[in-house]
Amino acid sequence: MSSTASRRLAITGRRLLPSLGGGGPRAAAVSVDTSASMLRLTWCDGEECAFHFLWLRDNCAATRHSSSRQKLISAAELPAGLRPASAKILPDEDVLQVVWEPDMHESAFSAAWLRSFSDETRPLRYVGSPAKSLPQFSFSALNAGESKLRAKWLCSLHQCGAILVQGAPCERHTVKQVAEWIGPLQNQIYGETWDVISSDNAINIAYTGEYLGPHMDLCYYESPPGIQLLHCMEFHPEVVGGDSFLIDAFQVAEELRETNPQAFMDLTRIPATFVKDHSDRAEPVRPVGGCPTRGLARPPIILQLTPCHAVSWPQVFMSYQRPHISLNAQGDVIGVFWSPPFEGPLRARGEDVPRYYAAYKTMHDAISNAPMIRHRLEPGQILIFNNRRMLHGRAAFTMPACGGKRWMRGCYVNIDDFANKVNISRRKENYPDEGDPPGVPYNRVGNQDWSSGRAIGIP
């Protein structure tokens, strides 16, 4: 490992969950490079990793509170002139022990934990799921609450980006019940839960029978929703069209990096504008007259949204600027934002305007030609997908003369609550993602976490 890579490694500390680091090769040797302020650790399989003195001392477990595990000393308070007075491996425990000058403080580090940082500087290129259909899970089995099945369910969603729950009761509370297996509902301008039914004079194209192109919901939020659930309550067999489809935006971004690097870089640099402007509407996101579904078994066809307990929003004017593609320091894709219906005026330097529009068209064409998962939902099915990663859309449809309808009931879960639940499931159930490259699990959450991997474990 070069000294440059070692220095980058030593200051970038991230991942892995401690319980996932054991059982591997044991530490074999340690050496101290005082001139570079590095301590080098070698494992029995030849893997070598270098850690800066400051990084090691800052991550000493002895400087954390015993029960809360919070740091008691900040990095700014470390003594000047830090260097090891001694460093050795305790082979029985597979632990690195360091005594520090000038204060003779003693630190002990799990060698397995340290090894989890050995791939720190490697760029992690996203490998999309090859699935052409949705992994399916039974509502009744998940509702039984068996922890290993719930862990598999969550990790399948994390890996594939979308899953299907079968056999869910067509009751208004069901989508909320399933969402709360992941985390609390994410409230937003539409309330905690909402309904998608076609209507006249719709305030959103989603409430028409028009084609709904691939997009991400609520890009005009600083923190757009993470997991989206769509519960099919009714889908009349004579409705023509209306299939749902999903496209892996991360996979599209990586392919764009390979096929058109200039367009890719322009979309990481030039910010798009996302806007929700209903400031001229008296009731921009709620039906006039309050909640028309209270006490009714089924909502009337004129219903657009039913956040019965939501805060009334007299006006909505939200705007947010960000590039379509977000990268970390290693160049890994950590976020993709794409929502053509809610794009506002581009605000960029004059020379960037033609670059943006050329790159935008390239991205649009790549999305249009990307592989997709297509599915016609049936009553009792719940489509669950990662809104931060999977672009979703819907084919145009026409309503039957008999008056049947297409009714979806939905809600969101915050992306951080989902990431937390995946981390806990992995730690408690030791349930890794199938298909992860060996040793370099990729963060498919899409929450712009610079770690590009699993959660950062503390020593």
Side-chain angles (χ1 to χ4, degrees), residues 1-22 24 26-43 47-122 328-330 332 334 416 419-420 423 427 443 448-459:
M1 181 182 292
S2 69
S3 60
T4 300
S6 298
R7 282 192 288 273
R8 288 182 64 194
L9 170 66
I11 63 174
T12 318
R14 66 159 164 85
R15 75 169 190 276
L16 191 63
L17 293 175
S19 61
L20 300 180
R26 299 176 71 84
V30 60
S31 62
V32 176
D33 184 350
T34 305
S35 63
S37 297
M38 291 283 186
L39 187 149
R40 300 182 186 278
L41 195 60
T42 304
W43 281 263
E47 181 78 16
E48 181 184 281
C49 194
F51 302 91
H52 197 281
F53 297 164
L54 287 170
W55 187 92
L56 281 169
R57 179 61 184 272
D58 184 40
N59 283 283
C60 175
T63 60
R64 291 182 176 271
H65 188 270
S66 59
S67 59
S68 72
R69 302 187 74 191
Q70 294 172 316
K71 292 178 72 172
L72 297 172
I73 299 174
S74 79
E77 298 172 294
L78 296 176
L82 274 175
R83 63 177 183 177
S86 66
K88 61 182 179 181
I89 295 169
L90 305 180
D92 292 342
E93 295 86 6
D94 196 30
V95 163
L96 170 67
Q97 185 184 74
V98 182
V99 177
W100 300 97
E101 292 181 346
D103 58 353
M104 304 310 290
H105 176 87
E106 183 177 312
S107 300
F109 304 93
S110 160
W113 182 79
L114 290 172
R115 186 183 171 95
S116 69
F117 295 93
S118 64
D119 67 341
E120 190 63 34
T121 60
R122 303 176 193 172
N328 67 4
Q330 283 77 35
D332 308 326
I334 57 174
D416 298 311
N420 171 64
N423 293 337
R427 173 171 281 181
N443 183 357
Q448 300 189 82
D449 176 9
W450 273 44
S451 71
S452 291
R454 291 175 176 157
I456 303 171
I458 59 177

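Computed over heavy atoms, backbone and side chain alike; hydrogens, waters and symmetry mates excluded.
- In plain terms, the two heavy atoms of Leu39 and Phe53 that are nearest each other are N-CE2, 3.7 Å.
- For the residue pair Ala111 and Ala27, the shortest heavy atom distance occurs at CB-CB, 3.7 Å.
- Residues forming a side-chain hydrogen bond (donor to acceptor under 3.5 Å, both in side chains) with Trp43 (at least two apart in sequence, or on another chain): none.
- Remark: Arg115 CZ to Arg26 CZ distance equals 12.5 Å, nearest 0.5 Å.
- The distance from atom CZ of Phe109 to atom CZ of Phe51, rounded to the nearest 0.5 Å, is 9.5 Å.
- Within 6.0 Å of the CD atom in Gln70, the count of heavy atoms belonging to other residues, nucleotides or ligands does not exceed 12.
- Looking only at side-chain heavy atoms (C-beta outward), Trp100 and Leu56 come within less than 4.5 Å of each other.
- Sorted by first and then second residue, the salt bridge (charged side-chain N to carboxylate O under 4.0 Å, His left out) pairs involving residues 81-92 (not counting sequence neighbours) are Arg83-Glu101.
- Val30 approaches Ala87 most closely through the heavy-atom pair CG1-O, 3.7 Å.
- Summarising the geometry, atom OG1 belonging to Thr63 is positioned 10.0 Å from atom CD belonging to Glu77; distances are rounded to the nearest 0.5 Å.
- A salt bridge between Asp103 and Arg57 is present, with a side-chain N of the basic residue lying under 4.0 Å from a carboxylate O of the acidic one.
- To the nearest 0.5 Å, atom CD1 of residue Ile334 and atom CD of residue Gln448 are 5.5 Å apart.
- No side-chain N or O of Ser31 forms a donor-acceptor pair with one of Asp33 less than 3.5 Å apart.
- Here the closest non-hydrogen pair linking Arg69 and Arg64 is O-NH1, 2.8 Å.
- Rounding to the nearest 0.5 Å gives a distance of 10.5 Å between NZ of Lys71 and SG of Cys60.
- In this structure, the side chain of Asn59 engages the main chain of Trp55 through a donor-acceptor pair within 3.5 Å.
- For Ile89 against Ala29, the heavy-atom pair with the smallest separation is CD1-N, 3.3 Å.
- Taken from CG in Asp449 to CG in Asn328, the straight-line distance is 9.0 Å, to the nearest 0.5 Å.
- Side-chain atoms of Asn423 come within 3.5 Å of backbone N or O of Ala419 as a donor-acceptor pair.
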